[in-house]
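Quick note on labels: first sequence line is chain A, next is B, and so on, each numbered from 1. Just so it is clear, the model here is predicted, and its values are computed rather than measured. The figures here come from the full heavy-atom set of this structure, side chains too, leaving out hydrogens, waters and symmetry mates.
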There are 2 protein chains.
Amino acid sequence: MDKNNTDIYVQLLKDRGLRVTPQRLQILKYLNIHKNHPDVTTIFTALRKENPALSKTTIYNTLEALAEHGLVQVLTITPTENRFDAGDRMHHHFLCKHCNKIYDIEIECPHLNRMLEGEFKVDEVHGYFKGSCPSCLKENAKNDHIQNKNIKGLKKDTSKC
Amino acid sequence: MDKNNTDIYVQLLKDRGLRVTPQRLQILKYLNIHKNHPDVTTIFTALRKENPALSKTTIYNTLEALAEHGLVQVLTITPTENRFDAGDRMHHHFLCKHCNKIYDIEIECPHLNRMLEGEFKVDEVHGYFKGSCPSCLKENAKNDHIQNKNIKGLKKDTSKC
DNA sequence: TACCTAAGTTGAAATGATTACAAATCGGGT
DNA sequence: ACCCGATTTGTAATCATTTCAACTTAGGTA
Ligand SMILES: [Mn+2]
Ligand SMILES: [Mn+2]
Ligand SMILES: [Zn+2]
Ligand SMILES: [Zn+2]
């Protein structure tokens, strides 16, 4: 449960028959501590500080291996780059199209049972919302007061609950 | 209702204050006829045949404009390229990770009301499932019989209903 | 109808994410 | 300590998307 303790990550890898390497431990630990859904470049830039020899290719290779074994999730919520999340617990996500931040959304979902009339074999379930986050809405309201300049695509929501 | 009649697309554009251009009509009609969630290159390759001067940049520009006005949806279901869908009716999608096909999934979803405790302004709701489609499952079973070679990541689903 | 201009289109070049590949290194079993 | 297949690394493709400036056009106006 101690996210800073390397031993648990060693065990997670061993349990899955994956070799234990410093890079895998590094990346696994990073994702479990930083729950802000980083992209490859963000992870790379951060981890390179403690390990200057780290290669970006390793980040790609490692994330692919970890994802294949259910240790990380790949979020395809952005139109451009993949974002990553530790663990395999399904939960919903909200992407703010202004600041590009991804928020965890904890709501009930009847689709979690991962079955679709038995015809498809479902490995992953993703629930994505996109729009404007509270912080950007607030920022926009402030600017509106000063100047009549709206954030692109930011209009009043007229849907009723 | 006649997907081949250009007039309805002209009207859709005019209703939104968008200029009516042959390229926009072409793309709009294409997406309304081909409901297989194509990517930019697929659209480009297809439309180029009837209009050799068409530019890929125009596909990007047009899709962006149409998406902004709710005439098309951008699906970020694949890790690599964006896929597109006509209209703005929300529905779920299934991505087969073997053949890369995207299926429409018609199921009830309680999140369609597009509100999240009033804190976020939700513009889009996406429900994505990923796994193996019936066709690929069948194909895989056949090959398994001949040779003991499994499609990568294709394991038995043990979830109960 | 002829004209004007902002909006749209085009193609080439830049950018950025991801993949391919081959050589160097390393984990873990003997 | 040794060995070998797995992993890491750096470089060079590849591929989707964006930028940009010149050219063209849709649609409003006289
Ligand atoms: Mn998350
Ligand atoms: Mn669809
Ligand atoms: Zn935001
Ligand atoms: Zn398939």
Side-chain angles (χ1 to χ4, degrees), chain A residues 6-7 9-28 30 37-45 47-48 50-69 71-72 74-84 97 100 152, chain B residues 6-7 9-28 30 37-45 47-48 50-69 71-72 74-84 97 100 152:
Chain A
T6 296
D7 295 347
Y9 303 116
V10 171
Q11 199 54 48
L12 286 176
L13 293 171
K14 284 187 174 170
D15 288 347
R16 288 157 181 79
L18 290 170
R19 284 202 182 168
V20 180
T21 70
Q23 293 86 347
R24 287 177 176 177
L25 290 174
Q26 219 185 165
I27 293 169
L28 208 39
Y30 182 86
H37 316 96
D39 61 7
V40 167
T41 301
T42 302
I43 300 171
F44 177 61
T45 305
L47 298 187
R48 175 176 241 195
E50 29 179 301
N51 175 9
L54 183 64
S55 164
K56 191 177 265 195
T57 302
T58 298
I59 312 273
Y60 280 101
N61 292 339
T62 301
L63 288 171
E64 184 184 28
L66 297 180
E68 234 157 55
H69 290 267
L71 291 176
V72 313
V74 185
L75 306 184
T76 61
I77 193 172
T78 282
T80 43
E81 7 70 53
N82 290 326
R83 305 280 287 261
F84 297 87
K97 290 195 278 189
N100 222 32
K152 172 177 159 191
Chain B
T6 295
D7 295 346
Y9 304 116
V10 170
Q11 200 52 49
L12 286 175
L13 292 172
K14 283 187 174 170
D15 288 346
R16 288 159 181 79
L18 290 171
R19 284 203 181 170
V20 179
T21 70
Q23 293 87 347
R24 287 178 176 178
L25 290 174
Q26 219 186 165
I27 294 169
L28 208 38
Y30 182 86
H37 316 96
D39 62 7
V40 167
T41 301
T42 302
I43 300 171
F44 177 60
T45 304
L47 298 187
R48 175 176 242 193
E50 30 179 300
N51 174 10
L54 182 64
S55 165
K56 191 176 266 196
T57 302
T58 299
I59 313 271
Y60 280 102
N61 291 339
T62 301
L63 288 172
E64 183 184 28
L66 297 180
E68 233 157 56
H69 290 267
L71 290 176
V72 314
V74 185
L75 306 184
T76 61
I77 193 173
T78 281
T80 41
E81 8 70 53
N82 290 326
R83 306 279 288 260
F84 297 86
K97 291 195 276 188
N100 222 31
K152 172 178 158 190

[X] [atom1] to [N] [atom2], straight-line distance once rounded to whole Å:
X     : N      : atom1 : atom2 : answer
B:Y60 : C:dG11 : OH    : C1'   : 14 Å
A:R83 : C:dT18 : CZ    : C1'   : 16 Å
B:E64 : C:dG8  : CD    : C1'   : 13 Å
A:N61 : C:dT18 : CG    : C1'   : 11 Å
B:I27 : C:dT9  : CD1   : C1'   : 11 Å
B:I59 : C:dT10 : CD1   : P     : 9 Å

What pairs of donor and acceptor atoms, side-chain ones from residues 11-19 of chain B against any protein atom, are under 3.5 angstrom apart with sequence neighbours left out?
unit_1: B:Q11; atom_1: NE2; unit_2: B:D15; atom_2: OD1; d: 2.8
unit_1: B:R16; atom_1: NE; unit_2: B:H69; atom_2: O; d: 3.0
unit_1: B:R16; atom_1: NH1; unit_2: B:L12; atom_2: O; d: 2.9

Both B:G17 and B:R48 contact DNA chain C. Taking the nearest nucleotide for each, which residue is further toward the 5' end?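 Its nucleotide being nearer the 5' end, the pick is B:G17.
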If each of B:R24 and B:T80 is mapped to the nucleotide of DNA chain C with the nearest heavy atom, which maps nearer the 5' terminus, i.e. the 5' end?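 With B:R24 and B:T80 compared, the 5'-side residue is B:R24.
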Do A:F84 and A:V40 have side-chain heavy atoms sitting under 4.5 Å apart?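 Yes, close enough: below the 4.5 Å cut-off.
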Return the [atom1] to [atom2] distance between [X] and [Y], rounded to the nearest 0.5 Å.
X      : Y     : atom1 : atom2 : answer
A:L63  : A:R24 : CG    : CZ    : 11.0 Å
A:Q23  : A:L47 : CD    : CG    : 10.0 Å
B:N100 : B:T78 : CG    : OG1   : 5.0 Å

Check this one for me: any side-chain N or O of B:Q23 less than 4.0 Å away from OP1 or OP2 of C:dT10?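 Yes.
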Please state whether the phosphate of C:dT10, meaning OP1 or OP2, lies under 4.0 angstrom from any side-chain nitrogen or oxygen of B:T58.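 For B:T58, the contact criterion (side-chain N or O under 4.0 Å from OP1 or OP2 of C:dT10) is met.
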Between B:K56 and A:A53, which is nearer to the 5' end of DNA chain D once each is assigned its nearest nucleotide?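 Closer to the 5' end of DNA chain D: A:A53.
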Which atom pair, heavy atoms only, marks the closest approach of B:V10 to B:L25?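 B:V10 and B:L25 have their closest heavy atoms at N-CD2, 3.6 Å.
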Closest approach of B:H37 and B:R83, non-hydrogen atoms and distance?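 In this case the closest contact between B:H37 and B:R83 is O-NE, 2.5 Å.
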Taking side-chain contact (heavy atoms from CB on, under 4.5 Å) as the test, write out the residues that go with B:A67, two or more places apart.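 Applying side-chain contact (heavy atoms from CB on, under 4.5 Å) to B:A67 gives B:V72, B:V74.
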Using the side-chain contact (heavy atoms from CB on, under 4.5 Å) criterion, which residues pair with B:T42? Sequence neighbours excluded.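 Listed in chain order: B:Y30, B:P38, B:D39.
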On DNA chain D, which is the earliest and which the latest nucleotide, 5' to 3', with an atom closer than 4.0 Å to a heavy atom of chain A?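 From 5' to 3', the first and last contacting nucleotides are D:dG5 to D:dT11.
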B:T76: side-chain hydrogen bond (donor to acceptor under 3.5 Å, both in side chains) partners, not counting sequence neighbours: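 Listed in chain order: A:K130.
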Listing time: all N or O pairs from protein to nucleotides 27-30 of chain C that are below 3.5 Å?
unit_1: C:dG27; atom_1: O3'; unit_2: A:V20; atom_2: O; d: 3.4
unit_1: C:dG28; atom_1: OP1; unit_2: A:V20; atom_2: N; d: 2.8

Under 3.5 Å, which N/O atoms of the protein pair with N/O atoms of nucleotides 12-16 of chain C?
unit_1: C:dA12; atom_1: N6; unit_2: B:T57; atom_2: OG1; d: 3.3

State, to the nearest 10°, the angle formed by the axis through the first five base pairs of the helix from C:dT1-D:dA30 to C:dT30-D:dA1 and the axis through its last five.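 Between the first-five-pair axis and the last-five-pair axis there is 30°.
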Identify every side-chain donor-acceptor pair in residues 53-62 of chain A under 3.5 Å, counting partners at least two apart or on other chains, and give the distances.
unit_1: A:S55; atom_1: OG; unit_2: A:T57; atom_2: N; d: 3.1
unit_1: A:K56; atom_1: NZ; unit_2: A:T41; atom_2: OG1; d: 3.1
unit_1: A:N61; atom_1: ND2; unit_2: A:T57; atom_2: O; d: 3.4
unit_1: A:T62; atom_1: OG1; unit_2: A:T58; atom_2: O; d: 2.7

